[in-house]
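Within every chain, numbering begins at 1; the chains are lettered A, B, ... in the order of the sequence lines, protein sequences first and strands thereafter. Atoms considered below: every heavy atom in the structure, side chains included; atoms not considered: hydrogens, waters and symmetry mates. Predicted model, so just to flag it, every value in this text is computed and none were measured.
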There are 2 protein chains.
Amino acid sequence: MTGSIKKHASQCLVAHGLDIFGDRWTLLVLRDMILYGKRRYGEFLEAEEAIATNVLADRLKRLAAEGLVTVSKDPDNRRSNIYTLTDKGLSLMPVIFEIMKWSAQYCDLNERRRKLIARLTAEPDTVMAEIRAREAANENPAETAARLHLLPR
Amino acid sequence: MTGSIKKHASQCLVAHGLDIFGDRWTLLVLRDMILYGKRRYGEFLEAEEAIATNVLADRLKRLAAEGLVTVSKDPDNRRSNIYTLTDKGLSLMPVIFEIMKWSAQYCDLNERRRKLIARLTAEPDTVMAEIRAREAANENPAETAARLHLLPR
DNA sequence: GGATAATGCTTGCGAAAGACAAGTGAATAA
DNA sequence: TTATTCACTTGTCTTTCGCAAGCATTATCC
């Protein structure tokens with residue numbers, strides 16, 4: 001493993017969360033899975049933030065070790081792993097939504113994003129249900145993002 | 001400055017938030033301010049997670065640069081700076097609450113904490129209003145934490 | 001009023017983690 | 001059966017972190 005990231009060994013609930021996803025990359029991988037339905041190594045590499053390959057491999061291992069994702073082989077292509085969100089991973093949706101809502105207060109938003117934020121604010125439970133339904137259905141990323149209006153542009 | 005932490009230079013709202021508080025320490029400092037009402041360098045050093053002095057100095061500078069806190073001199077002790085949350089800093093309360101609620105799902109909680117989480121879930125707006133009121137009143141940390149039942153034990 | 005202590009940092013250094021480029025091995029495609 | 005794709009791993013360099021020590025300013029003690 002590339003790194004082992006020292007844990008805070010703290011009783012605090014905030015610190016416990018940060019032990020698991022409090023670094024520069026883990027939440028971005030989870031964002032790709034939750035918002036965009038990405039499930040493959042190569043898909044995560046396409047993100048505009050350009051995570052390094054070794055760091056991505058490390059974070060995926062860690063996410064699996066923490067039980068936020070499960071790993072399986074793609075039955076149609078045995079080179080390819082498929083990373084699937086567990087309930088524990090999906091339950092981070094509210095954290096990600098609140099980060100988005102916070103940022104939205106201090107950024108210029110285009111129409112699309114304004115609508116998305118409005119929806120996350122007005123009916124978060126509906127959005128979460130949609131995302132859970134998509135996970136259950138194994139829909140492909142492009143369709144998903146478009147259908148759920150989660151794309152940034 | 002100790003570090004300058006490379007930014008993601010991303011359009012994404014999640015990435016934008018992480019550019020500001022997506023490291024191992026920033027949110028813990030904000031937790032100390034928001035939950036416990038801490039306002040001085042020395043108080044932050046007392047946290048059980050034991051932040052390094054240079055990292056703390058760096059994060060406080062950064063928080064000020066991002067407009068999440070303001071810095072002033074303590075009128076009663078001119079050695080001491082006072083770090084005060086701005087509205088932008090206080091508006092991170094929902095993010096911190098959601099992290100706590102997420103962790104709470106996967107940790108054993110004592111009675112005190114269970115009550116706190118129940119309250120954060122049932123009436124977050126009331127808790128946020130109390131915290132804002134405390135900020136406005138400049139109450140001291142020990143009193144605050146006790147009165148608002150925010151202490152971990 | 002001079003020594004001592006408290007406070008809030010800064011500095012220096014070794015260690016850990018990250019960024020980048022290149023390489024590897026298994027599976028698939030041509 | 002050769003080439004290519006995919007998912008990593010490895011190696012090297014740079015950045016950040018952790019720790020101990022030092023320093024400047026203000027306050028306190030005698």
Side-chain angles (χ1 to χ4, degrees), chain A residues 1-10 15 18-29 32-33 38-65 69-84 141, chain B residues 1-10 15 18-29 32-33 38-65 69-84 141:
Chain A
M1 210 187 271
T2 283
S4 63
I5 295 187
K6 197 178 177 188
K7 301 220 170 179
H8 289 301
S10 165
L18 296 179
D19 279 345
I20 295 172
F21 54 77
D23 70 281
R24 303 270 309 135
W25 293 108
T26 301
L27 272 180
L28 292 180
V29 173
D32 282 351
M33 300 187 80
K38 293 185 182 178
R39 299 193 296 167
R40 287 179 179 76
Y41 186 88
E43 290 171 343
F44 299 122
L45 284 182
E46 289 165 10
E48 64 170 327
E49 294 89 4
I51 188 171
T53 57
N54 53 347
V55 175
L56 175 57
D58 177 71
R59 292 306 181 274
L60 288 170
K61 266 180 209 157
R62 206 175 299 244
L63 285 170
V69 308
T70 53
V71 193
S72 56
K73 285 280 170 198
D74 183 346
D76 300 333
N77 183 343
R78 293 187 38 76
R79 286 175 294 197
S80 199
N81 280 333
I82 295 188
Y83 297 91
T84 307
Chain B
M1 210 186 270
T2 283
S4 62
I5 296 187
K6 199 178 175 188
K7 301 218 170 179
H8 290 302
S10 166
L18 296 179
D19 280 344
I20 295 172
F21 55 77
D23 70 280
R24 301 271 310 136
W25 293 108
T26 301
L27 272 181
L28 291 180
V29 173
D32 283 350
M33 300 186 79
K38 294 185 183 180
R39 299 193 298 163
R40 286 179 180 74
Y41 186 88
E43 289 171 343
F44 300 121
L45 285 182
E46 290 166 10
E48 64 169 327
E49 292 90 4
I51 188 171
T53 58
N54 54 346
V55 175
L56 175 57
D58 179 69
R59 293 304 182 274
L60 288 170
K61 265 182 208 156
R62 208 175 298 247
L63 285 171
V69 307
T70 54
V71 193
S72 57
K73 285 279 170 199
D74 183 346
D76 299 333
N77 183 343
R78 294 188 38 74
R79 287 176 293 198
S80 200
N81 280 333
I82 295 187
Y83 297 91
T84 307

Participant: Holding to side chain to side chain contact (heavy atoms under 4.5 Å, CB included), I want the full list of residues that pass it with D32(A), two or more places apart in sequence or in another chain.
Facilitator: Y36(A), K38(A), F44(A), A47(A)
Participant: A50(B): what forms a side chain to side chain contact (heavy atoms under 4.5 Å, CB included) with it, not counting sequence neighbours?
Facilitator: none
Participant: From the options dA19(C), dA27(C), dA27(D), select the nucleotide whose nearest atom is closest to the side chain of R78(B).
Facilitator: dA27(D)
Participant: Can you check nucleotides 1-9 of chain D for protein contacts, nitrogen or oxygen pairs under 3.5 Å, and list what you find?
Facilitator:
{"from": "dT5(D)", "atom 1": "O2", "to": "R79(A)", "atom 2": "NH1", "distance (Å)": "2.4"}
{"from": "dA7(D)", "atom 1": "OP1", "to": "S80(A)", "atom 2": "OG", "distance (Å)": "2.6"}
{"from": "dA7(D)", "atom 1": "OP2", "to": "G42(A)", "atom 2": "N", "distance (Å)": "3.1"}
{"from": "dC8(D)", "atom 1": "OP1", "to": "N81(A)", "atom 2": "ND2", "distance (Å)": "3.4"}
{"from": "dC8(D)", "atom 1": "OP2", "to": "N81(A)", "atom 2": "ND2", "distance (Å)": "3.4"}
{"from": "dC8(D)", "atom 1": "OP2", "to": "Y83(A)", "atom 2": "OH", "distance (Å)": "2.6"}
{"from": "dT9(D)", "atom 1": "OP2", "to": "K61(A)", "atom 2": "NZ", "distance (Å)": "3.4"}
{"from": "dT9(D)", "atom 1": "O4", "to": "T53(A)", "atom 2": "OG1", "distance (Å)": "2.8"}

Participant: If the condition is side chain to side chain contact (heavy atoms under 4.5 Å, CB included), which residues does D74(A) pass it with, not counting sequence neighbours?
Facilitator: R40(A), D76(A), N77(A), S80(A), I82(A)
Participant: In this structure, how many angstroms lie between the C1' atom of dT25(D) and the CG atom of D74(B), rounded?
Facilitator: 14 Å
Participant: What residues, two or more places apart in sequence or in another chain, satisfy ring pair (Phe, Tyr, Trp, His ring centres under 6.0 Å) together with F21(B)?
Facilitator: W102(A)
Participant: What is the distance, to the nearest angstrom, from the NZ atom on K73(B) to the P atom on dG8(C)?
Facilitator: 9 Å
Participant: Whole angstroms only, please: what is the CG-P distance between L56(B) and dC9(C)?
Facilitator: 8 Å
Participant: Could you tell me the separation between the CG atom of D76(B) and the P atom of dG8(C), rounded to a whole number of Å?
Facilitator: 13 Å
Participant: Rounded to whole angstrom units, what separation is found between the CG atom of D23(A) and the C1' atom of dA19(C)?
Facilitator: 15 Å
Participant: I need the CD1-C1' distance between I82(B) and dT7(C), as an integer number of Å.
Facilitator: 13 Å
Participant: CD of E46(B) versus C1' of dG8(C): gap in Å, rounded?
Facilitator: 14 Å
Participant: Hey, does the side chain of Y41(A) reach the backbone of Y83(A) with a donor-acceptor pair shorter than 3.5 angstrom?
Facilitator: no
